[in-house]
Amino acid sequence: MKTDIEKIFNFYASGSVIFARKDFLQSSYLPDVLPHRENHIKHLAQILAPSLRLENPSNVFLYGRPGTGKTAVVQYVGSQLQKIAQDKNIPVKFLYVNSGLKKIADTEYRLYAYLCRRMGDFIPDTGIPTSSVFDRMIKALDSKPAVYILALDEIDVLIEKSPNTIYTLSRINSELKNSKLSIIGITNDLSIMSHLDAKTKSSLSEEEIIFSPYNANQIKDILQDRSNISFSPGAINDSVILLCAASAAKNHGDVRRAIELLRISAEIAEREASNKVLRKHVEVAIGKFNTDQIISFVKTLPEHQKNVLKAIIELDKPVVYTREIYNKYIENVSKIGAKGLTMRRVLDILGEFESSGVVGTSVISRGRYGRTKVVELKIGGNIKDDIEQLLVEI
DNA sequence: CTTCCACGGGAACACTGGGGTG
DNA sequence: CACCCCAGTGTTCCCGTGGAAG
């Protein structure tokens with residue numbers, strides 16, 4: 001026993017034989033080269049270039065599925081622009097904000113407050129009217145003449161929560177006397193624009209760049225590039241990369257997923273004390289990837305949501321109707337003397353489950369017997385047990 | 001054509017955690 | 001200090017509506 005443990009620790013202590021630079025496989029890592037996105041980079045650079053002559057660049061909208069390089073392209077072009085502006089002493093400021101990040105910039109107030117802070121004006125998390133935060137933001141932006149380029153990642157979150165924010169931002173140049181501001185909107189939700197009025201829509205998307213999913217070959221190239229710098233020589237071979245690429249290509253060409261898959265595979269290999277990553281490690285990683293996602297989702301669910309999910313699982317039928325779920329749910333919670341939520345709320349919770357892929361739903365009309373939602377659990381048999389176990393403890 | 005029942009949008013509310021002002 | 005104002009979240013309440021069985 002003791003020697004086993006010693007073996008494990010010694011193995012890790014002697015350094016990794018697989019990874020050379022593991023941090024290059026982290027999703028936060030921004031590579032110097034973005035293969036197969038040369039045209040997008042050029043296009044965006046052309047749009048933003050006028051800022052270097054202190055002209056206001058067009059607003060741009062970037063569309064594309066997750067993991068198609070939108071964020072990387074924006075950050076890459078933005079940092080290059082910033083660098084050149086700094087060298088030549090031109091007052092161009094590139095501001096990247098992820099407006100999907102909870103509690104940071106996902107509401108009107110928080111976005112303005114965040115921007116103020118970036119500009120050095122401290123704004124508390126709450127307590128001040130939004131309009132005065134807005135005024136302070138304008139003041140900060142206008143304090144010195146500059147061209148600001150504001151990249152709003154996951155802008156769909158913001159649009160959905162408060163279309164008003166986007167409306168205001170798209171008109172902000174009439175409030176600014178000395179400075180100018182252009183917006184880069186980044187989203188993977190193509191339908192989101194329907195929340196906006198025609199004027200705002202056209203002003204925001206003066207230019208549009210579409211990011212189509214990578215195909216398996218392109219993902220392979222990207223993985224190859226990335227593994228050259230991340231792994232020790234010989235630790236990884238083409239067939240492993242191909243397998244990761246194929247799996248990700250099947251999932252809408254999400255390259256982030258491909259890289260993560262590669263990393264997990266390598267971690268599994270390392271844990272098995274193998275000195276190279278093999279196909280079997282990737283196969284394990286693919287399975288682990290899917291289960292891990294659902295399990296961590298269930299783990300972080302609030303109590304009410306857990307109870308609803310529990311009701312669905314306990315009914316144990318291929319498809320269930322809302323009424324059945326609700327009755328079961330009420331039955332369960334009243335057993336522990338709790339009150340339980342309204343039907344209306346449960347309906348919304350089912351909607352939340354659907355958007356996270358745990359269930360599939362569709363609305364049908366059963367004629368005389370009214371309208372109902374058909375709910376189908378999308379959790380496979382093997383993880384279902386794990387999840388039931390998680391839910392028992394509530 | 002009627003009838004039924006949940007769907008789903010929207011308003012309103014409660015509550016939390018935090019202002020600024022006198 | 002007390003007091004009222006502010007934003008955000010999760011919830012309830014209200015209600016018009018879709019659409020196939022009967």
Side-chain angles (χ1 to χ4, degrees), chain A residues 97-117 121-140 152 154-169 189 191-197 297-298 300-312 315 317 319-334 336-356 358-376 394:
Chain A
V97 182
N98 187 335
S99 35
L101 275 186
K102 290 217 160 67
K103 310 268 175 194
I104 302 206
D106 59 339
T107 66
E108 182 166 23
Y109 181 97
R110 301 218 260 244
L111 176 64
Y112 298 159
Y114 176 82
L115 290 174
C116 284
R117 283 178 212 137
D121 182 6
F122 180 78
I123 303 273
D125 288 341
T126 163
I128 300 171
T130 304
S131 60
S132 60
V133 178
F134 180 77
D135 292 342
R136 281 167 74 169
M137 181 180 77
I138 294 291
K139 219 165 144 193
L152 291 173
E154 293 183 57
I155 198 173
D156 41 315
V157 176
L158 202 55
I159 294 179
E160 205 169 344
K161 278 197 185 171
S162 69
N164 186 42
T165 314
I166 307 299
Y167 179 85
T168 310
L169 279 178
D189 182 354
S191 63
I192 198 68
M193 283 307 230
S194 60
H195 287 256
L196 299 173
D197 62 282
F297 169 79
V298 173
T300 57
L301 236 36
E303 216 77 331
H304 290 312
Q305 274 82 337
K306 276 186 186 163
N307 277 313
V308 175
L309 186 59
K310 193 174 162 193
I312 301 173
L315 284 166
K317 285 197 276 185
V319 294
V320 281
Y321 297 140
T322 316
R323 180 90 262 165
E324 302 176 273
I325 297 171
Y326 189 67
N327 289 344
K328 185 82 190 170
Y329 161 77
I330 290 295
E331 186 191 318
N332 281 347
V333 292
S334 53
I336 49 170
K339 199 161 148 277
L341 300 168
T342 356
M343 179 87 156
R344 182 69 191 80
R345 180 68 190 121
V346 170
L347 210 59
D348 279 345
I349 290 174
L350 291 176
E352 288 162 25
F353 286 170
E354 153 139 68
S355 55
S356 21
V358 179
V359 301
T361 69
S362 58
V363 179
I364 58 155
S365 179
R366 293 188 298 152
R368 220 50 248 281
Y369 307 102
R371 225 144 87 93
T372 190
K373 204 171 218 166
V374 191
V375 178
E376 175 197 3
I394 37 176

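Each chain gets a letter, A, B and so on, in the order the sequences are listed, and its residues count up from 1. No hydrogens, no waters, no symmetry mates; every other heavy atom, side chains included, goes into these values.
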Is any side-chain nitrogen or oxygen of [X] closer than 4.0 Å to OP1 or OP2 of [N]?
X        : N      : value
A:Thr342 : C:dT11 : no
A:Thr126 : B:dG19 : no
A:Arg110 : C:dT9  : yes
A:Arg371 : C:dG18 : no
A:Lys103 : C:dG8  : no

Could you tell me the separation between the [atom1] atom of [X] and the [atom2] atom of [N], rounded to a whole number of Å?
X        : N      : atom1 : atom2 : answer
A:Leu158 : C:dG8  : CG    : C1'   : 14 Å
A:Lys161 : C:dG8  : NZ    : P     : 8 Å
A:Tyr112 : C:dG8  : OH    : P     : 11 Å
A:Leu111 : C:dG8  : CG    : P     : 11 Å
A:Arg323 : B:dC5  : CZ    : P     : 10 Å
A:Tyr321 : B:dA6  : OH    : P     : 13 Å
A:Lys339 : B:dA14 : NZ    : P     : 13 Å
A:Asp348 : B:dG9  : CG    : P     : 8 Å

Original post:
In terms of side-chain geometry, is the basic nitrogen of A:Lys139 or A:Asp135 positioned less than 4.0 Å from the acidic oxygen of its partner?
Top reply: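 Result for this pair is no, no salt bridge flagged.
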
Original post:
Within 45° of the ring axis of A:Tyr321 and under 6.0 Å from its six-membered ring centre, is that where the NZ or CZ of A:Arg366 lies?
Top reply: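 Because its charged atom sits under 6.0 Å from the ring centre and within 45° of the axis, A:Arg366 does stack over A:Tyr321.
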
Let's see if you can work this out: which of [options] has an atom nearest to the side-chain heavy atoms of [X]?
X        : options                : value
A:Arg345 : B:dC7, C:dT9, C:dT12   : C:dT12
A:Arg368 : B:dG19, C:dA21, C:dG10 : C:dA21
A:Pro129 : C:dT11, B:dA6, C:dA7   : C:dA7
A:Arg344 : C:dT9, C:dC14, B:dC7   : C:dC14

**OP:** Give a yes or no answer on whether the side chain of A:Tyr114 reaches the backbone of A:Ser99 with a donor-acceptor pair at less than 3.5 Å.
**Re:**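 Absent.
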
**OP:** Using atom types as modelled and distance alone, determine if a side-chain donor or acceptor of A:Arg136 lies under 3.5 Å from a backbone N or O of A:Phe122.
**Re:**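 The answer is yes, because a donor-acceptor pair under 3.5 Å joins these two groups.
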
**OP:** Look at all strands and tell whether A:Ile364 reaches a base, only sugar-phosphate, or nothing, counting heavy atoms closer than 4.0 Å.
**Re:**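 Since no nucleic acid heavy atom lies under 4.0 Å of A:Ile364, the category is nothing.
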
**OP:** Give one of base, sugar-phosphate or nothing for A:Leu347, where a contact means two heavy atoms less than 4.0 Å apart.
**Re:**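 Base: the residue A:Leu347, judged by heavy atoms under 4.0 Å, touches a nucleobase.
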
Subject >> Most 5' of A:Glu108 and A:Tyr369 on DNA chain C, judged by nearest nucleotide >> reply: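 Counting from the 5' end, the first nearest nucleotide belongs to A:Glu108.
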
Original post:
Does OH belonging to A:Tyr167 count more than 12 external heavy atoms closer than 6.0 Å?
Top reply: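 No.
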
